[in-house]
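See below for the structure under consideration.
Because the structure is a prediction, the values reported are computed rather than measured.
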Number of protein chains: 2
Amino acid sequence: MKISTRGHYGVMAMLDLALHHGEGPIPLKSVAERQNLSEHYLEQLIAVLRKAGLVKSVRGAQGGYTLAREPHEIKIGEIIRVLEGPIAPVECVNEEDPECCLRADYCVTRNLWEKVKASIEEVLDNTTLEDLVREAEKARQAGGYMYYI
Amino acid sequence: MKISTRGHYGVMAMLDLALHHGEGPIPLKSVAERQNLSEHYLEQLIAVLRKAGLVKSVRGAQGGYTLAREPHEIKIGEIIRVLEGPIAPVECVNEEDPECCLRADYCVTRNLWEKVKASIEEVLDNTTLEDLVREAEKARQAGGYMYYI
DNA sequence: TTAAATTCCTACTAAATAAGTCAGAATTAG
DNA sequence: CTAATTCTGACTTATTTAGTAGGAATTTAA
């Protein structure tokens, strides 16, 4: 019952961009340094996020990445789906492949996995980058340090 | 964001035992046949469930497995934890290893993973085998076929 | 007492996934 | 022109997943 580092790091990187939203393109190197992630690995992840239309890139010197939409318009669920695939605790509740569970109508445990899926989506689709930015600002005012993992 | 076949098959097998609760020891072979799972693979899983005290075994001819407690006393969350390890979408919210996230107090995204974890546990710890048995009986009365995946 | 049914145990394996690393081409600001 | 970047694709290494294989130990029942 885990997400991989792809989704985990992806959210970290997107939050980093959100925290610098409006400051022009942010080079990936600086994101990687702040978040303590491998730059090369992040490159792979951000390429996926770019192709999915979640970030925009500016090439060349002084280039970097920016969010493609406002932070309040980007749900964490989107980021996770782009990097991890559909949120489905077991294959048979993956609605992108409805044929995978032929006995869906009669299956008892499937209902359970549907509930789990719905409860995860409830959280991830009702949290946006802006929500996290606000929390980070609250934490900064209160504590001083600010990390995001 | 998946559980593996271990947890998936484990719940199927436990539900099968719950549906035959009170009928004496159920041989694993019959469980494997009804659920269409590899018997050898199930053996591995049930060994873990036995060591965790969720099922009891009776060796020899006419032997098999029974639930170690009443169906209403066995939460699905327990089965999953035994077979999959702690329910934690990322390592840093795994309370069995609290040291793994040293910056927990300041971490913004960690709160999010805590929420996800809580919402999954909410479902899995409030569903027992008896709940699934009841659903299966309802489905049988309504439809005729009864499968559980 | 023997055969059949069953759990129990250890080891092995093939494929997929995860988590990167590496090398270098293309682009652009200054 | 040069340094800072993104972009691309191939490669690698370790771990996990999902089993398989073979047989020993135990028990019932004929």
| field | Span of DNA chain D, from the first to the last nucleotide whose atoms fall under 4.0 Å of chain A heavy atoms | value |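 Contacts span D:dA4 to D:dA10, reading 5' to 3'.
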| Ignoring hydrogens and geometry, is there a side-chain-to-backbone donor-acceptor pair from B:Arg69 to B:Ile74 under 3.5 Å? |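 Not a single qualifying donor-acceptor pair exists.
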| A:Leu129 vs A:Ile79, side-chain contact (heavy atoms from CB on, under 4.5 Å): CA-CA, chis, key distance, verdict | CA-CA 10 Å; A:Leu129 286 177; A:Ile79 302 171; 4.1 Å; yes
| task | Look at the side-chain heavy atoms of Ile, Leu, Val, Met, Phe, Trp and Tyr, link any pair under 4.5 Å apart, and say whether B:Val48 and B:Val58 land in one connected group. | result |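 Not linked; separate clusters.
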| request: To the nearest 0.5 Å, tell me how far B:Ile3 CD1 sits from A:Glu91 CD. | output: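 B:Ile3 CD1 to A:Glu91 CD: 11.0 Å, rounded to 0.5 Å.
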| B:Ile46 near the nucleic acid: base, sugar-phosphate alone, or nothing, with a heavy-atom cut-off under 4.0 Å? |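 If one applies the 4.0 Å heavy-atom cut-off, B:Ile46 turns out to touch nothing in the nucleic acid.
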Just the rounded figure in Å: distance from [atom2] of [N] to [atom1] of [X].
X	N	atom1	atom2	answer
A:Lys2	C:dA19	NZ	P	11 Å
A:Leu83	C:dT17	CG	P	16 Å
B:Lys29	C:dA5	NZ	P	7 Å

| field | Electrostatic pair A:Arg81:A:Glu121 at N-O distance under 4.0 angstrom | value |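 Between A:Glu121 and A:Arg81 there is a salt bridge, with a charged N closer than 4.0 Å to a carboxylate O.
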| Once each nucleotide of nucleotides 20-30 of chain C is scored for protein heavy atoms under 4.0 Å, what B/S/- sequence comes out, 5' to 3'? | BBBB--BBBS-
| field | side chain to side chain donor-acceptor pair (under 3.5 Å) pairs, two or more places apart, involving residues 43-57 of chain A | value |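 Passing the test, one end in residues 43-57 of chain A: no pairs.
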| request: Find out whether A:Glu78 and A:Met14 are in side-chain contact, i.e. whether some heavy atom of one side chain is under 4.5 Å from a heavy atom of the other. | output: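 Heavy-atom side-chain distance check fails, nothing below 4.5 Å.
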| field | Stepwise side-chain contact (heavy atoms from CB on, under 4.5 Å) test for A:Thr128 and A:Ile76 | value | CA-CA 6 Å; A:Thr128 68; A:Ile76 307 301; over 6 Å; no
| query | At under 4.0 Å, does any side-chain N or O of B:Arg50 touch on OP1 or OP2 of C:dT7? | reply |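 Looking at the OP1 and OP2 atoms of C:dT7, neither is under 4.0 Å from any side-chain N or O of B:Arg50.
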